There are 2 protein chains.
Amino acid sequence: MSSVTIYDVAAKAGVSIKTVSRVMNNEPNVRPVMRERVLAAASELGYSPNLSARSLAGSRSFVIAVFVDAALTIDHWQSERGADYLSRIQLGATLVCRDAGYHLLIELIDHEGPQVRQEVAALLAALKPDGVILTPPSSDNAVVLELLDRAGTPYVRVGPERAEGLGPRVHMDDVAAAREMTDHLIGLGHKRIGFIVGEPRYGASQARRDGYLEAMRAKGLSVPEFWVRQGDFTFQSGLEQAKALLALPERPTAIFASNDDMALGAIAAIADAGLMTPGDVSVAGFDDSPSSRFSRPQLTTVRQPVAEMSSVAAKLLIERSRGGASTERPVDELLPFTLIHRASTAPPPR
Amino acid sequence: MSSVTIYDVAAKAGVSIKTVSRVMNNEPNVRPVMRERVLAAASELGYSPNLSARSLAGSRSFVIAVFVDAALTIDHWQSERGADYLSRIQLGATLVCRDAGYHLLIELIDHEGPQVRQEVAALLAALKPDGVILTPPSSDNAVVLELLDRAGTPYVRVGPERAEGLGPRVHMDDVAAAREMTDHLIGLGHKRIGFIVGEPRYGASQARRDGYLEAMRAKGLSVPEFWVRQGDFTFQSGLEQAKALLALPERPTAIFASNDDMALGAIAAIADAGLMTPGDVSVAGFDDSPSSRFSRPQLTTVRQPVAEMSSVAAKLLIERSRGGASTERPVDELLPFTLIHRASTAPPPR
DNA sequence: ACAAGGGCTGGCAGCGCTTTCAATCGAGGA
DNA sequence: TCCTCGATTGAAAGCGCTGCCAGCCCTTGT
């Protein structure tokens with residue numbers, strides 16, 4: 001109940017509270033002897049500085065906030081994608097925060113509607129976080145970015161659609177990833193490769209399609225318009241669009257879906273059509289979601305460095321909150337993806 | 001940068017800061033006229049009370065912390081289960097917090113090892129959260145519970161193993177759920193029903209097995225020991241244990257796995273054996289994880305009210321932090337589960 | 001030997017709020 | 001009419017810490 005304060009430690013160590021403060025903050029200009037004595041007293045008393053007091057008195061709050069879209073979370077919280085993506089984001093950030101003595105605050109933001117401005121402003125005013133990690137679609141929300149800038153709160157945009165000039169970002173190269181996966185399929189001998197596009201509201205959807213198209217064209221393969229189908233990241237849409245592809249007179253020998261859920265849908269469609277994966281039709285996904293390993297056959301897919309992105313983001317923010325000013329050039333971290341070759345892709349039937 | 005303080009609002013409204021404080025906290029004894037005037041001034045200035053200051057001066061921090069096991073998160077963060085469970089926990093709690101003006105803090109706790117005590121103590125001292133939501137295995141960790149009690153921090157245990165007497169809890173009846181699912185299988189005509197137990201460190205594993213055994217015995221069906229296989233909640237273990245079951249001279253006509261991942265493993269094993277689900281062998285799971293809908297056939301499973309549990313937990317904590325003292329009898333909320341009948345269960349082959 | 005420049009410590013004034021308690025104003029009761 | 005009580009307001013005292021600055025000591029330079 002009655003917790004240990006800095007005064008208690010100071011008294012026990014026989015120093016002033018200012019010295020205790022110095023020790024707790026790892027400031028220089030404290031003799032090792034003093035430091036030891038204070039540390040001993042602190043640990044004996046089980047002292048831990050009060051965050052609110054630190055935040056109120058000083059310029060740091062030791063809090064990193066993560067902005068997550070409310071509608072998205074609620075709509076999609078049952079889908080593989082949402083849950084998985086968010087967990088990974090959190091894992092990366094939480095680990096970094098814990099090690100640095102920071103704390104992670106999750107905030108649901110309602111991006112639709114007119115109250116965003118007020119909501120976010122209130123949040124920033126109340127919390128004064130040392131940094132904010134923006135997940136899509138926050139990463140591209142003009143209002144949010146403006147308020148953050150105006151409040152002077154450092155932030156990092158994770159996986160944003162729009163390019164530089166909008167503040168620090170940590171992302172991966174969706175175009176290259178899709179291109180490489182397409183190259184992989186072409187390398188196996190596929191020439192007729194169908195593509196299922198993701199939910200158009202996500203920038204990643206366009207990027208992945210572009211990568212696919214680039215790779216096809218680079219190899220001189222024509223891409224009839226009806227090979228590129230519009231999905232929405234759900235299993236169901238993958239199922240339907242794959243069915244449509246399979247119904248074509250000259251059906252594709254491979255299907256590349258922009259995420260794993262849709263790829264699983266495609267595998268289901270292939271099975272429903274009495275065909276085999278990858279014997280008759282290869283399937284590639286994107287995300288390396290947990291279920292990509294549970295499917296039969298296991299899915300060839302692209303692993304996104306989601307946890308890594310948020311952990312880099314958290315590190316940047318913490319570093320900055322410690323270091324003080326922004327001495328650096330604009331941050332633009334590009335993290336590597338990985339192609340995961342599993343069993344769902346193989347050479348086309350000859 | 002320079003934010004709006006209570007003084008600014010007080011000045012603008014022509015009242016004392018105390019009155020502004022009263023209005024912001026919805027305290028009684030403020031004339032409607034004053035209240036209006038203050039509210040107007042506050043909204044014009046875009047004022048939002050500083051959380052740290054409130055927490056430092058007052059007795060509330062407006063922060064609810066969620067304790068999550070670190071090892072679990074890291075080990076299993078790739079598995080369906082971990083990610084899904086956690087997201088749901090967070091969804092429920094975050095929504096409630098947002099509506100109540102509270103904030104959700106995620107804390108990774110390292111339950112193994114000797115430093116738990118110090119780690120948790122430091123956390124509580126630093127944060128002074130108004131409440132803590134304990135997820136398994138925190139829900140049953142003696143050290144954590146003791147520290148929480150000693151610090152006087154209210155908490156709610158979500159889905160704990162051990163029964164009452166250990167503080168408030170919100171949970172579901174795993175035994176009944178497993179019993180009902182088993183009854184469902186028996187009702188379809190199955191008599192030889194194999195069971196795959198989950199990771200033994202989880203209380204839910206025992207509970208579900210017990211429910212299965214109860215149902216079998218209640219119907220007078222004997223359960224040879226080798227029908228009950230030890231898994232560990234992973235797809236792989238489900239696959240292996242199901243293989244073992246299928247290899248039995250008189251193989252079961254149904255397999256009930258204590259979670260969906262293992263159930264998916266069982267479906268894969270059945271397919272590998274050249275058999276059909278549910279034509280030859282029915283499969284039931286537990287969790288209603290996203291991928292339970294993506295499997296072919298779609299999985300019959302039990303939906304746990306995870307988001308509901310955490311949302312109830314958050315509500316209880318917020319209520320208590322507002323209401324003040326603990327006037328109530330020990331909290332013990334039992335939330336209903338739901339059997340989800342999908343395509344993986346059917347009558348046994350005759 | 002003396003001044004200048006560090007390294008090390010403590011003092012003190014808040015940070016922006018809530019709490020406690022005192023003060024003021026009316027209305028109802030003796 | 002005077003007193004009491006409740007409803008309203010405000011003043012002052014911190015909450016536990018950090019930022020700034022003054023003061024001390026000991027080293028170094030000349």
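Numbered from 1 within each chain, the chains take letters A, B, ... in sequence-line order. Remember, it's a predicted structure, so these values are computed and weren't measured experimentally.
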Can you find a side chain N or O atom of [X] that sits less than 4.0 Å from OP1 or OP2 on [N]?
| X | N | value |
| --- | --- | --- |
| Asn25(B) | dT18(C) | yes |
| Asn29(A) | dG6(C) | no |
| Arg31(A) | dC8(C) | no |
| Tyr47(B) | dC17(C) | yes |
| Thr5(B) | dG16(C) | no |
| Thr19(A) | dG10(C) | yes |

Sequence neighbours left out, what pairs pass salt bridge (Lys or Arg N to Asp or Glu O under 4.0 Å) with at least one residue falling in residues 103-112 of chain B?
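For residues 103-112 of chain B: Arg98(A)-Asp110(B), Glu112(B)-Arg201(B).
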Can you measure [X] atom [atom1] to [N] atom [atom2] for me and round it to whole angstrom units?
| X | N | atom1 | atom2 | result |
| --- | --- | --- | --- | --- |
| Lys128(A) | dC17(D) | NZ | P | 21 Å |
| Arg37(B) | dT8(D) | CZ | P | 15 Å |
| Ile17(A) | dC12(C) | CD1 | P | 11 Å |
| Phe62(B) | dG16(C) | CZ | P | 18 Å |
| Asp8(A) | dC15(D) | CG | P | 12 Å |
| Ile6(B) | dG10(D) | CD1 | C1' | 12 Å |
| Asn50(A) | dC17(D) | CG | C1' | 8 Å |

Regarding Arg88(B) and Glu308(B), does a basic nitrogen lie under 4.0 Å from an acidic carboxylate oxygen?
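Salt bridge between Arg88(B) and Glu308(B), a charged N being under 4.0 Å from a carboxylate O: no.
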Indicate yes or no: does Glu333(B) engage Arg169(B) in a salt bridge with an N to O separation below 4.0 Å.
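Salt bridge flag = no for Arg169(B) with Glu333(B).
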Test item: side-chain donor near acceptor, His111(B) and Asp69(B), under 3.5 Å
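Judged by distance alone, the side chains do pair up.
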Within the 3.5 Å criterion, strictly below it, is a donor on Ser55(A) or Ser61(A) matched to an acceptor on the partner's side chain?
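Checked: Ser55(A)/Ser61(A) side chains show no N/O donor-acceptor pair below 3.5 Å.
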Select from Gly14(B) and Leu56(B) the residue whose nearest nucleotide in DNA chain D is closer to the 5' end of that strand.
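Its nearest nucleotide being more 5', the pick is Gly14(B).
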On DNA chain D, nearest-nucleotide positions of Met34(B) versus Ala53(B): which is more 5'?
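It is Met34(B), whose closest nucleotide lies nearer the 5' terminus.
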Residues that Arg35(A) engages under side chain to side chain donor-acceptor pair (under 3.5 Å), provided they are two or more places apart
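Listed in chain order: nothing, the list is empty.
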Give me, pair by pair, the N or O atoms of the protein and of nucleotides 19-24 of chain D that are less than 3.5 Å apart, along with how far apart they are.
| unit_1 | atom_1 | unit_2 | atom_2 | d |
| --- | --- | --- | --- | --- |
| dG19(D) | N7 | Lys18(A) | NZ | 2.9 |

Can you say whether a donor on the side chain of Tyr7(A) sits under 3.5 Å from an acceptor on the base of dC15(D), or the other way round?
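Result: no qualifying N/O pair found.
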Locate the shortest heavy-atom distance separating Ser321(B) from Tyr102(B); write the atom from each residue and the value.
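Heavy atoms of Ser321(B) and Tyr102(B) come nearest at OG-OH, 2.5 Å.
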For the side chain of Ser16(B), counting heavy atoms from C-beta on, which of dG10(D), dC17(D), dG11(C) is nearest?
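Side chain of Ser16(B) sits closest to dG10(D).
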